[in-house]
Chemist: 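Structure incoming, see below.
Residue numbering restarts at 1 for every chain, and letters A, B, ... go by the order of the sequence lines.
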Amino acid sequence: MTLRIYNTLSGKKEDFIPLVPGKVGMYVCGPTVYDSCHIGHARSVVVFDLILRYFEKRDFDVTYIRNFTDIDDKIINRANELAVGYKDISEKYIAEFYEDMDALNVKRASIEPRATEHIKGMISLISGLINKGKAYAVDGDVFFSVETFGEYGKLSGRQLQDMEAGARIDVDDRKKNPFDFALWKSSKPHEPYWESPWGKGRPGWHIECSVMSSAFLGDTFDIHGGGKDLIFPHHENEIAQSECATGKKYARYWIHNGFININQEKMSKSLGNFKTIKDILKSYHPEAVRLFLLSSHYRSPIDFSDQSMDEATLNLEKIYTLLKRVSDIIDPLDKTEVTESGAHWIDFCEAMDDDFNSAKGIAVIFEAIRHMNRVLDDSSDQTSSQLVSQVAVIYRDIIRMTQTIGIAAERPDEFFKKKIRLAVEEKSVDVAVVERMIKDRNDARKAKDFTAADRIRDELQKMNIEIKDGPSGTTWSVAG
RNA sequence: GGCGGCUUGGCCAAGUGGUAAGGCAGAGGCCUGCAAAGCCUUUAUCUCCGGUUCAAAUCCGGAAGCCGCCUCCA
């Protein structure tokens with residue numbers, strides 16, 4: 001089975017054939033660290049985390065680079081507003097990025113370089129472009145000349161002459177073509193700077209990714225990713241710079257994730273509907289966020305709403321409910337290797353092989369859950385070795401799938417305990433009273449006084465407490 | 001003005017030309033002292049109009065509606 005990936009460059013799904021068999025080199029554009037991360041950042045990071053996890057599950061050796069843009073106009077502006085150094089800003093938000101992404105169970109990349117660590121490489125790439133006549137220096141700025149690259153526009157499917165017609169573009173008389181972009185910017189007084197052949201300045205935005213990707217992955221590498229908005233101009237410009245500088249193909253497969261709307265509206269600062277990851281995690285379980293993000297295909301736009309998050313929360317609980325049920329039968333920590341792949345894992349891989357179709361993959365998880373429940377329902381002897389081995393195969397599949405999605409990482413009993421704890425705090429439930437009432441009810445049940453038992457349950461219900469009688473006693477949860 | 005995308009049941013959402021995954025909600029049933037959970041059954045002529053094909057949600061053309069990018073943006 002071949003993995004197929006939608007390549008923005010060709011606009012088609014293509015068979016994924018890595019440069020070196022068994023290895024994957026992947027570069028993904030990370031955040032510009034000038035503010036807290038929002039749910040849109042989370043989508044991009046989680047989508048590529050999924051891709052990384054899937055490659056690893058399929059035994060690829062992945063070198064995954066995700067950068068931080070830690071020098072940029074927005075960072076400098078923010079620093080000036082607060083009268084602090086640009087590093088104070090970038091360091092603060094890099095730390096926040098890690099907090100948020102750790103919470104979302106995102107794996108660290110193999111290397112996480114920062115733009116400011118690669119100034120030398122940028123200067124040498126820019127010099128090379130000037131020597132080849134692909135770039136020109138004016139008053140301490142250096143611009144890339146888009147007209148020298150015949151293939152300019154191949155990623156975004158645009159033609160220079162088409163864009164000029166209606167585009168709003170800044171007028172800069174020093175540019176040979178309005179679409180020429182800055183490789184190097186001269187620094188104004190009181191701005192951070194680095195020495196360069198063109199004077200004191202700092203890098204333009206696009207150059208860092210060209211330099212860092214090639215530094216770690218080589219001039220040509222397998223996958224380059226990021227949000228859809230980066231296709232133009234960022235990635236288009238990266239291609240132009242890199243291919244002009246090296247004369248070789250730059251990234252081979254371009255992957256771009258779609259955007260998030262908030263209640264059907266574009267998320268924007270002017271609308272005031274920006275959702276930060278921190279805020280969302282105050283109301284929802286991080287794994288519910290992942291499940292929400294991966295329940296639609298990564299290229300589709302998705303709508304963030306309380307309704308969709310509530311759904312994701314319910315789905316997550318359904319998964320944990322099953323895992324809890326299974327944990328009564330087999331030890332969830334028993335990592336006995338099941339050598340053969342179960343049918344569900346094969347279905348899951350088939351879904352994921354089709355351009356990382358996690359929505360379909362998640363559907364396979366639910367099919368496996370139903371299968372498991374059916375097996376457990378049909379068995380009269382919950383300890384028979386035949387059942388245990390049958391369960392183990394399905395269980396193993398479910399774990400592999402949930403690990404790929406990056407959910408169900410907690411012990412099921414802990415998950416439910418935590419849920420109760422949070423609800424108890426939020427609704428200030430008196431645990432002692434609840435447990436007293438449950439005990440009274442169970443006493444009544446033993447005495448076959450079902451009228452009394454039901455009365456107590458009705459009272460609990462009024463207190464928003466739901467109870468469930470299981471084989472190993474009565475458990476309860478807080479509704480809503 | 002240029003480029004691209006989307007429109008699938010009450011809601012969310014997959015869908016590789018051969019007769020519509022999955023989740024939520026609804027209905028009926030099994031199980032349960034009653035519940036819950038779980039299981040079973042059940043709910044779609046795939047925006048509209050043409051065309052290609054033995055066969056189209058899937059391909060082609062057209063229409064309507066919605067959206068994104070072209071400026072910093074995940």
Chemist: Using atom CZ of A:F181 as one end and atom C1' of B:C70 as the other, report the distance to the nearest whole Å.
Modeler: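 Those two atoms, CZ and C1', are 16 Å apart.
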Chemist: Roughly how many Å apart are B:C12 and B:U19, using the P atom of each and rounding to a whole number?
Modeler: 27 Å
Chemist: May I ask you to decide if A:K107's main-chain N or O and A:Y64's side chain share a donor-acceptor pair within less than 3.5 Å?
Modeler: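 Pair absent, no side-chain N/O of A:Y64 close to backbone of A:K107.
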Chemist: Do the two ring centres, one from A:F181 and one from A:H206, sit under 6.0 Å apart?
Modeler: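 Yes, the ring of A:F181 comes within the 6.0 Å limit of the ring of A:H206, centre to centre.
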Chemist: For the P atoms, the ones on B:G2 and on B:U71, what distance do you get once it is rounded to whole angstrom?
Modeler: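 To the nearest whole Å, 16 Å.
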Chemist: Taking atom P of B:C3 as reference, at what distance in whole Å does atom CD of A:E236 sit?
Modeler: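 Value for this atom pair: 15 Å.
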Chemist: Starting at CD of A:Q264 and ending at C1' of B:C11, how long is that distance when rounded to a whole Å?
Modeler: 11 Å
Chemist: Indicate, with a heavy-atom threshold strictly under 4.0 Å, whether A:H256 touches base, sugar-phosphate, or nothing.
Modeler: nothing
Chemist: Using whole Å, report how far CG of A:N357 lies from P of B:A14.
Modeler: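 Value for this atom pair: 7 Å.
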Chemist: Quick one: A:D354 CG to B:U16 P, roughly how many Å, whole number?
Modeler: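 About 7 Å, once rounded to whole Å.
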Chemist: Does a donor on one side chain and an acceptor on the other come within less than 3.5 Å for A:Y298 and A:D355?
Modeler: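 Judged by distance alone, the side chains do pair up.
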Chemist: With both distances under 3.5 Å as the test, what is the Watson-Crick or G-U wobble partner of B:G9?
Modeler: none
Chemist: Under 4.0 Å between any heavy atoms, over every strand shown, what does A:L230 touch: base, sugar-phosphate, or nothing? Just pick one.
Modeler: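 Sugar-phosphate: the residue A:L230, judged by heavy atoms under 4.0 Å, touches backbone atoms but no base.
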Chemist: Could you give the CG-to-C1' distance, from A:N257 to B:G68, as a whole number of Å?
Modeler: 13 Å
Chemist: So, using side-chain hydrogen bond (donor to acceptor under 3.5 Å, both in side chains) as the criterion, who are the partners of A:H256 when residues are at least two apart?
Modeler: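 If we apply the side-chain hydrogen bond (donor to acceptor under 3.5 Å, both in side chains) test to A:H256, skipping adjacent residues, the hits are A:T8, A:H235.
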Chemist: Please write out each protein N/O paired with an N/O of nucleotides 33-36 of chain B under 3.5 Å, distance rounded to 0.1 Å.
Modeler:
residue: B:G33; atom: O6; partner: A:R441; partner atom: NH2; Å: 3.4
residue: B:G33; atom: O6; partner: A:R445; partner atom: NE; Å: 3.1
residue: B:G33; atom: N1; partner: A:D454; partner atom: OD1; Å: 3.1
residue: B:G33; atom: N2; partner: A:D454; partner atom: OD1; Å: 3.0
residue: B:G33; atom: N2; partner: A:D454; partner atom: OD2; Å: 2.6
residue: B:C34; atom: O2; partner: A:R457; partner atom: NH1; Å: 3.3
residue: B:C34; atom: O2; partner: A:R457; partner atom: NH2; Å: 2.0
residue: B:C34; atom: N3; partner: A:R457; partner atom: NH1; Å: 3.2
residue: B:C34; atom: N4; partner: A:D469; partner atom: OD2; Å: 3.1
residue: B:A35; atom: N6; partner: A:D469; partner atom: O; Å: 3.4
residue: B:A35; atom: N1; partner: A:D469; partner atom: N; Å: 3.0

Chemist: Determine which pairs satisfy side chain to side chain donor-acceptor pair (under 3.5 Å) with at least one residue from residues 444-457 of chain A, sequence neighbours left out, and list them in order.
Modeler: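 For residues 444-457 of chain A: A:N442-A:R445, A:R445-A:D469.
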Chemist: Just to be sure I understand the rule, does A:S156 reach a base, reach only the sugar-phosphate, or reach nothing, if contact means heavy atoms closer than 4.0 Å?
Modeler: sugar-phosphate
Chemist: Which whole number of Å gives the distance between the C1' atom of B:G62 and that of B:C70?
Modeler: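 Rounded to whole Å, the distance is 27 Å.
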Chemist: Expressed as a whole number of angstroms, how long is the span from A:E350:CD to B:A14:P?
Modeler: 18 Å
Chemist: Treat primed atoms plus P, OP1 and OP2 as sugar-phosphate and everything else as base, then score nucleotides 17-31 of chain B 5' to 3': B for base contact with protein heavy atoms under 4.0 Å, S for sugar-phosphate contact only, - for none.
Modeler: ----BSBS-------
Chemist: Across the strands shown, which category fits A:M267 at heavy-atom distances under 4.0 angstrom: base, sugar-phosphate, nothing?
Modeler: base
Chemist: How far does the P atom of B:C46 sit from the matching atom of B:A20, given to the nearest Å?
Modeler: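 After rounding to an integer number of Å, I get 11 Å for this pair.
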Chemist: Side chains of A:Y284 and A:D306 only: does a donor on one sit below 3.5 Å from an acceptor on the other?
Modeler: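 A:Y284 vs A:D306: donor-acceptor pair found between side chains.
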Chemist: Could you tell me which nucleotide pairs with B:U71 by Watson-Crick or G-U wobble geometry, both distances under 3.5 Å, or answer none if nothing does?
Modeler: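 Across all strands, not a single nucleotide pairs with B:U71.
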Chemist: So, A:E14 versus A:S10: side-chain donor-acceptor pair below 3.5 Å or not?
Modeler: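 Per modelled atom types, A:E14 and A:S10 side chains form a pair under 3.5 Å.
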Chemist: Does B:U58 pair with anything, Watson-Crick or G-U wobble, both distances under 3.5 Å, and if so, with which nucleotide?
Modeler: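 Because no pair has both required distances under 3.5 Å, B:U58 counts as unpaired.
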Chemist: Applying a 3.5 Å limit to both distances, which nucleotide forms a Watson-Crick or G-U wobble pair with B:A27?
Modeler: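 Base partner found: B:U41.
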Chemist: Looking for any heavy atom pair under 4.0 Å, which part of the strands does A:R158 touch: base, sugar-phosphate only, or nothing?
Modeler: base
Chemist: Only counting residues at least two apart or in another chain, list the ones meeting side chain to side chain contact (heavy atoms under 4.5 Å, CB included) with A:S186.
Modeler: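 Side chain to side chain contact (heavy atoms under 4.5 Å, CB included) check on A:S186 returns A:D141.
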Chemist: With rounding to whole Å, what would you report as the distance between B:U8 and B:C66 at their P atoms?
Modeler: 15 Å
Chemist: With rounding to the closest Å, how many angstrom separate the P atoms on B:U42 and B:G50?
Modeler: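 Each nucleotide's P atom is 33 Å from the other's.
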Chemist: Round to the nearest Å and state the distance from A:D229 atom CG to B:G4 atom C1'.
Modeler: 14 Å
Chemist: Find the partner of B:A35: check Watson-Crick (N1-N3 plus N6-O4 or O6-N4) and G-U wobble (N1-O2, O6-N3) distances, both under 3.5 Å, and reply none if neither fits.
Modeler: none
Chemist: Indicate yes or no for a side-chain donor-acceptor contact from A:D303 to the backbone of A:N263 under 3.5 Å, with no hydrogens or angles considered.
Modeler: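 Present.
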Chemist: Could you tell me which nucleotide pairs with B:A20 by Watson-Crick or G-U wobble geometry, both distances under 3.5 Å, or answer none if nothing does?
Modeler: none
Chemist: Is it the case that A:R158 and A:S156 place a side-chain donor and acceptor less than 3.5 Å from each other?
Modeler: yes
Chemist: Would you mind classifying the nucleic acid contact of A:G40 as base, sugar-phosphate or nothing, using non-hydrogen atoms under 4.0 angstrom?
Modeler: base
Chemist: Of A:K13 and A:T321, whose nearest nucleotide on RNA chain B comes first from the 5' end?
Modeler: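 Nearest nucleotide further toward 5': that of A:K13.
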Chemist: Is it the case that A:Y152 and A:N237 place a side-chain donor and acceptor less than 3.5 Å from each other?
Modeler: yes
Chemist: Does OP1 or OP2 of B:C69 have a side-chain N or O of A:K266 closer than 4.0 Å?
Modeler: yes
Chemist: Is it the case that A:E367 and A:H371 place a side-chain donor and acceptor less than 3.5 Å from each other?
Modeler: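 No donor-acceptor contact under 3.5 Å links the two side chains.
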Chemist: Establish, yes or no, whether a centroid distance under 6.0 Å links the rings of A:F68 and A:Y98.
Modeler: yes
Chemist: Between A:T32 and A:Y93, is there a side-chain donor-acceptor contact under 3.5 Å, judged purely by atom types and distance?
Modeler: no
Chemist: C1' atom, B:G22 versus B:G17: distance in rounded Å?
Modeler: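 The same atom, C1', in both gives a distance of 23 Å.
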Chemist: Answer with base, sugar-phosphate or nothing: what part of the nucleic acid does A:G11 contact at a heavy-atom distance below 4.0 Å?
Modeler: nothing
Chemist: Please give me every residue in residues 301-308 of chain A whose heavy atoms get under 4.0 Å of an atom in RNA chain B, ordered by residue number.
Modeler: A:Q307
